[in-house]
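First comes the structure, then the notes that go with it.
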There are 2 protein chains.
Amino acid sequence: MKEPNSPDSPLADLCRQRGLKLTGQRRTIAFVLSDSDDHPDVEELYRRAVEVDPRISIATVYRTVRLFEENGILQRRDFGGGRARYEVADGDHGDHYHLIDADTGKVIEFENTELDSLLEGIVRQMGYDLVTTRLSVVGRRKAKTRTRD
Amino acid sequence: MKEPNSPDSPLADLCRQRGLKLTGQRRTIAFVLSDSDDHPDVEELYRRAVEVDPRISIATVYRTVRLFEENGILQRRDFGGGRARYEVADGDHGDHYHLIDADTGKVIEFENTELDSLLEGIVRQMGYDLVTTRLSVVGRRKAKTRTRD
DNA sequence: ATTGCAAATGATAATCTTTCTCATTATCAC
DNA sequence: GTGATAATGAGAAAGATTATCATTTGCAAT
């Protein structure tokens, strides 16, 4: 058993900060998410959560992921493929963006402050405050410059 | 009955250009799409298509929309809400982007050449050729400058 | 620490969107 | 016009997500 003061994951702390009841399952899912630096779908999150606590239900993963999204802890992404994928939400500063390899489907993250401020400016000029940016560029790997064969 | 030389919709022509068999249903769906300047989902497209030709099936709408997407005639969009939405694909020049009102869900289109070239450049620097850009910024209508109440 | 209550969970049914199946029909080249 | 081939319609099936409801749990007040 853990002692009451054992350190929680960053996301579990966020969860508490938002006034959400911190159940064992939420603690587990928060830990799994804090531990992930990719973009898992619910099925994959469930798989990882079960490794930590085998008596967790996939229904709870769906519920928790939705709850976390509503509270700005998670962001839902759609990279095609029919299932939603999730990642920890960015802070207030700069969002990050995704480049998707057209052939392999691989997701590559990138940041760009020039892009941040350009978008910010465009949206402001249209009379809005920017809340979130969802940007994925699909690209195809360039042929090498010295393609001779 | 239409004469064989009756003018087809721009999308129907595109359809023929791509070597796709131009059936009555595809002609209808192409017409409906050419006629739409919003972002209908399949259900909505089906509704509009039935007004033109009542004996069309929703399965065919699903099939056609997928076919058109695979052939670069349509682009699939995800604005949340669980269902895919479609719009006519942009030409080779500049993509267009979407601003989504956080409160109403309303979709506002915009273009920006500076954004076009910035993205192009970023992707190139990462070693890729840009294929498509999927960008939606979620924004909240700014409070008026003279908010006093 | 114990109690009580509101909220969360598990298991599964239900829903919703999209794809598949297969018998029938239509397209297009000849 | 004919025929081979592909497209369609109607409904079943699949896949992802949400709802249901009896049971369990977290947490605040005692």
Side-chain angles (χ1 to χ4, degrees), chain A residues 1-6 8 12-13 15-30 32 39-47 49-50 52-71 73-74 76-86, chain B residues 1-6 8 12-13 15-30 32 39-47 49-50 52-71 73-74 76-86:
Chain A
M1 314 261 167
K2 281 182 185 179
E3 306 132 64
N5 289 7
S6 77
D8 272 326
D13 288 335
C15 187
R16 206 185 282 113
Q17 276 174 40
R18 306 283 157 103
L20 302 175
K21 192 184 280 190
L22 192 53
T23 67
Q25 289 85 336
R26 289 182 185 169
R27 201 187 309 260
T28 298
I29 294 168
V32 166
H39 314 84
D41 57 30
V42 171
E43 206 80 35
E44 177 60 29
L45 279 177
Y46 173 61
R47 245 173 268 133
V50 163
V52 180
D53 174 4
R55 62 194 180 143
I56 210 165
S57 154
I58 191 160
T60 298
V61 181
Y62 270 105
R63 273 189 289 243
T64 303
V65 130
R66 183 151 49 114
L67 180 76
F68 283 4
E69 196 204 352
E70 284 163 357
N71 285 79
I73 297 174
L74 281 186
R76 188 201 307 233
R77 301 291 182 188
D78 169 58
F79 298 137
R83 43 232 282 174
R85 296 168 67 174
Y86 291 87
Chain B
M1 313 256 171
K2 282 184 185 176
E3 308 133 62
N5 290 8
S6 78
D8 273 325
D13 289 335
C15 189
R16 206 185 282 115
Q17 276 173 39
R18 305 283 157 106
L20 302 174
K21 194 183 279 191
L22 192 53
T23 67
Q25 287 88 336
R26 289 182 187 170
R27 203 187 307 261
T28 298
I29 295 167
V32 166
H39 314 84
D41 58 30
V42 170
E43 207 79 35
E44 178 61 29
L45 278 177
Y46 173 60
R47 246 173 267 132
V50 163
V52 180
D53 175 4
R55 63 190 178 146
I56 210 166
S57 155
I58 192 162
T60 298
V61 181
Y62 271 105
R63 274 189 287 241
T64 303
V65 129
R66 185 150 49 112
L67 180 76
F68 282 4
E69 198 205 351
E70 286 164 356
N71 285 80
I73 296 173
L74 282 186
R76 187 200 309 230
R77 300 290 183 191
D78 170 57
F79 298 137
R83 43 230 283 172
R85 296 168 68 174
Y86 291 88

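For clarity, every value in this text was computed on a predicted model and none was experimentally measured. No hydrogens, no waters, no symmetry mates; every other heavy atom, side chains included, goes into these values. Chain A is the first sequence line, chain B the second, and so forth, proteins listed ahead of strands; every chain is numbered from 1.
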Taking the side chain as every heavy atom from C-beta outward, state whether B:Arg26 and B:Ile29 have any atom pair closer than 4.5 Å. no
Are any non-hydrogen side-chain atoms of B:Thr64 and B:Leu45 less than 4.5 angstrom apart? no
Tell me whether the side-chain N/O atoms of [X] come closer than 4.0 Å to OP1 or OP2 in [N].
{"X": "A:Arg63", "N": "D:dT18", "result": "no"}
{"X": "B:Arg26", "N": "D:dA7", "result": "yes"}
{"X": "B:Thr60", "N": "D:dG9", "result": "yes"}
{"X": "B:Tyr62", "N": "C:dT19", "result": "no"}

With heavy atoms under 4.0 Å as the rule, sort A:Ile56 into base, sugar-phosphate or nothing. sugar-phosphate
Would you mind classifying the nucleic acid contact of B:Arg66 as base, sugar-phosphate or nothing, using non-hydrogen atoms under 4.0 angstrom? sugar-phosphate
What is the distance from [atom1] of [X] to [atom2] of [N], rounded to the nearest Å?
{"X": "A:Asp41", "N": "D:dA16", "atom1": "CG", "atom2": "P", "result": "8 Å"}
{"X": "B:Phe68", "N": "C:dT18", "atom1": "CZ", "atom2": "C1'", "result": "18 Å"}
{"X": "A:Glu44", "N": "D:dA16", "atom1": "CD", "atom2": "P", "result": "13 Å"}
{"X": "B:Leu45", "N": "C:dT18", "atom1": "CG", "atom2": "P", "result": "11 Å"}
{"X": "B:Glu70", "N": "C:dT18", "atom1": "CD", "atom2": "P", "result": "15 Å"}
{"X": "A:Leu67", "N": "D:dT17", "atom1": "CG", "atom2": "P", "result": "17 Å"}
{"X": "A:Glu43", "N": "D:dT18", "atom1": "CD", "atom2": "P", "result": "14 Å"}
{"X": "B:Phe79", "N": "C:dT17", "atom1": "CZ", "atom2": "P", "result": "17 Å"}

Of the non-hydrogen atoms in [X] and [Y], which two are nearest, and what is the gap between them?
{"X": "B:Tyr46", "Y": "B:Ile56", "result": "CE1-O, 3.5 Å"}
{"X": "B:Ala12", "Y": "B:Ala30", "result": "N-CB, 3.6 Å"}
{"X": "A:Cys15", "Y": "A:Leu22", "result": "SG-CD1, 3.8 Å"}

Let's see if you can work this out: which of D:dA10, C:dT12, C:dT9 has an atom nearest to the side-chain heavy atoms of A:Ala59? C:dT12
Taking only N/O atoms, report every protein-nucleotides 25-28 of chain D pair under 3.5 Å with atom names and distance.
{"residue": "D:dC27", "atom": "OP1", "partner": "A:Leu22", "partner atom": "N", "Å": "3.0"}

If you find the nucleotide of DNA chain C closest to B:Tyr86 and the one closest to A:Val61, which residue's nucleotide is nearer the 5' end? A:Val61
For A:Arg76 and A:Glu69, indicate whether the former's side chain and the latter's backbone hold a donor-acceptor pair under 3.5 Å. no
Sorted by chain and number, sequence neighbours left out, ring pair (Phe, Tyr, Trp, His ring centres under 6.0 Å) with B:Phe79 holds for B:His39, B:His98
